[in-house]
Amino acid sequence: MNAFLAVLFVVCWSSGFIGAKLGAGDASPLTVLTWRFLPLALALALAAALFDRARWRGLGSRAFGRQVTVGALSQTGYLLTVYQAIGLGVSTGTTALIDGTQPLVVAVLAGPLLGQYVAPRQWWGLLLGLAGVVIVTAGDATSGSGVSWWAYLVPFAGMLSLVAATFLESRSPTDTDPVVAMTVHCATSAVLFTALAACAGQVSPPPTASFWWSVAWLIGLSTFGGYGLYWLVLRRSGVTRVNALMFLMAPVTAIWGTVMFGEPFGILTALGLLLGLGAVALVFRAQPRGRGAGKPTDEQSPEPEVVRGSARLRR
């Protein structure tokens with residue numbers, strides 16, 4: 001894997017948790033998400049109409065419907081739960097680490113769904129990362145923050161939504177231009193979030209500079225950076241490895257949250273984050289098993305057959 005892309009992906013994806021907290025100070029999650037995607041979807045649609053019509057030729061109704069579903073799962077479903085969890089009082093670092101259980105879920109499903117089987121050492125790494133999630137979550141839940149126990153289940157639901165989108169796209173039988181896919185995903189989220197915000201009476205944005213600063217942060221860093229790089233790194237490195245990077249979101253987010261918002265960073269948090277770092281090291285050093293093993297790509301990934309489906313989005 002290209003180390004620069006990996007680092008950039010971790011930083012940009014982590015920025016989404018920070019941006020959610022920035023926006024939560026001025027408006028409800030639905031308001032923030034509506035204005036994160038509404039102007040972005042309009043800009044992408046305008047660019048498609050004026051400059052990129054050729055990209056849309058050949059996009060059938062079935063492929064379009066699949067991309068709408070992927071966008072609804074990977075953006076609407078995932079982001080709504082993350083924002084709601086932070087709005088309920090779950091710290092940004094803990095929310096990021098709970099999302100970090102994604103690699104374990106992906107590892108369990110990658111074999112039967114994609115033909116990629118996790119090596120024994122990778123299983124130890126994934127279980128180590130899960131232990132870190134449990135420790136940090138327990139530390140946050142017992143810190144006297146007043147957060148209800150069920151609030152910690154909300155980000156788990158979002159993680160499952162992103163996993164579903166990942167496998168749905170990976171198993172797609174057709175190629176989709178990445179710009180087209182991004183446009184469809186953002187338009188889907190804009191429609192869904194605007195509808196939900198309208199039903200809740202939360203469409204109007206607050207007239208504060210901080211709100212629009214958080215929106216700009218989320219569009220630039222989190223959507224184009226984090227979301228776009230997720231699919232790119234997935235293509236280059238395979239499902240197990242890109243999802244192992246999710247364990248690194250927690251240390252970056254926790255440190256970021258401590259510096260910007262004064263969130264607690266105790267011994268249990270530090271221990272859990274160290275376990276997460278160890279998990280990533282184990283997963284990346286182990287050789288995966290399955291179809292295509294021993295046939296490295298230009299990025300030295302031994303998973304060319306496994307990632308073939310997920311590569312479609314980036315072609």
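No experiment lies behind these values; they were computed from the predicted model shown.
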J.: Evaluate the criterion side-chain contact (heavy atoms from CB on, under 4.5 Å) for residue pair Phe211 and Val32; output intermediate values, then yes/no.
T.: CA-CA 8 Å; Phe211 172 80; Val32 176; 3.9 Å; yes

J.: Using the rule that Ile, Leu, Val, Met, Phe, Trp and Tyr join whenever any side-chain heavy atoms are under 4.5 Å apart, tell me whether Val180 and Phe224 fall into a single cluster.
T.: no

J.: Start with the C-alpha gap between Val7 and Phe4, add the side-chain angles, then the distance that decides, and say whether side-chain contact (heavy atoms from CB on, under 4.5 Å) holds.
T.: CA-CA 5 Å; Val7 172; Phe4 174 75; 5.9 Å; no

J.: Taking the side chain as every heavy atom from C-beta outward, state whether Thr183 and Arg55 have any atom pair closer than 4.5 Å.
T.: no

J.: Take Thr188 and Gln75, measure what side-chain contact (heavy atoms from CB on, under 4.5 Å) needs, and give me the verdict at the end.
T.: CA-CA 9 Å; Thr188 300; Gln75 286 189 346; over 6 Å; no

J.: Tell me whether the count of non-hydrogen atoms from other residues, nucleotides or ligands lying under 6.0 Å of CZ in Phe261 goes above 12.
T.: yes

J.: Please examine the side chains of Ile86 and Tyr83, heavy atoms only from C-beta on, and report whether any two atoms are closer than 4.5 Å.
T.: no

J.: Under 4.5 Å between side-chain heavy atoms, counting indirect links through other Ile/Leu/Val/Met/Phe/Trp/Tyr residues: same cluster for Trp35 and Leu192 or not?
T.: no

J.: Membership question, hydrophobic clusters at under 4.5 Å side-chain separation (ILVMFWY): are Met260 and Leu221 in the same one?
T.: yes

J.: Counting only heavy atoms not in Leu50 (residues, nucleotides, ligands), do more than 12 fall under 6.0 Å from its CG?
T.: yes

J.: Tell me whether Leu33 shares a hydrophobic cluster with Val184, the cluster being built from Ile, Leu, Val, Met, Phe, Trp, Tyr side chains joined at under 4.5 Å.
T.: no

J.: Is Ser214 reaching over with its side chain to a backbone N or O of Ala20, donor-acceptor style, under 3.5 angstrom?
T.: no

J.: A side-chain contact here means heavy atoms from C-beta on lying under 4.5 Å apart; do Leu22 and Trp213 qualify?
T.: yes

J.: Which atoms form the tightest heavy-atom contact between Leu128 and Gly278, and what is the distance?
T.: CD2-C, 3.8 Å

J.: First locate atom CG of Leu153, then atom CG of Leu88, and finally report the distance between them rounded to the nearest 0.5 Å.
T.: 11.0 Å

J.: Out of curiosity, does Val163 fall in the hydrophobic cluster containing Phe156 (side-chain heavy atoms, cut-off under 4.5 Å, transitive links)?
T.: yes

J.: Looking at every non-hydrogen atom in both residues, tell me the closest pair between Ala41 and Ala187 and how far apart they are.
T.: CB-CA, 3.8 Å

J.: Looking at every heavy atom in both Cys12 and Gly226, which two are closest together, and how far apart are they?
T.: CB-N, 3.3 Å

J.: Nearest 0.5 Å, what's the CD1-CG distance between Ile267 and Leu271?
T.: 9.5 Å

J.: What are the two closest heavy atoms between Ser15 and Ser222, and how far apart are they?
T.: OG-OG, 3.1 Å

J.: Please walk me through it: do Leu30 and Leu80 pass side-chain contact (heavy atoms from CB on, under 4.5 Å)?
T.: CA-CA 8 Å; Leu30 283 176; Leu80 187 59; 3.8 Å; yes

J.: So, for Gly228 and Met182, which heavy atoms are closest and what is the spacing to 0.1 Å?
T.: CA-CE, 4.1 Å

J.: What's the shortest heavy-atom distance between Thr34 and Ala197, and which atoms?
T.: OG1-CB, 3.3 Å

J.: Mind checking the CG-CD1 spacing from Leu40 to Ile219? Nearest 0.5 Å is all I need.
T.: 5.5 Å

J.: Just verifying a value: how many Å separate Asp177 CG and Gln67 CD, rounded to the nearest 0.5 Å?
T.: 10.0 Å

J.: Under a 4.5 Å cut-off applied to non-hydrogen side-chain atoms, are Glu169 and Ser74 in contact?
T.: no

J.: Can you tell me how far the CZ atom of Phe193 sits from the CG atom of Leu79, to the nearest 0.5 Å?
T.: 5.5 Å

J.: Under 3.5 Å, is there a donor on one side chain and an acceptor on the other for Ser189 and Thr76?
T.: yes

J.: Is there a donor-acceptor contact under 3.5 Å from the side chain of Thr31 to the main chain of Gln202?
T.: yes

J.: Is the Tyr227 ring parallel, tilted or perpendicular to the His185 ring (thresholds 30°, 60°)?
T.: perpendicular

J.: For Trp256 and Trp217, take the angle between the two ring planes, folded into 0 to 90°, and tell me which bin it lands in: parallel under 30, tilted 30 to 60, perpendicular over 60.
T.: tilted

J.: Would you please name every residue forming a side-chain contact (heavy atoms from CB on, under 4.5 Å) with Thr81, sequence neighbours left out?
T.: Val154, Ala157

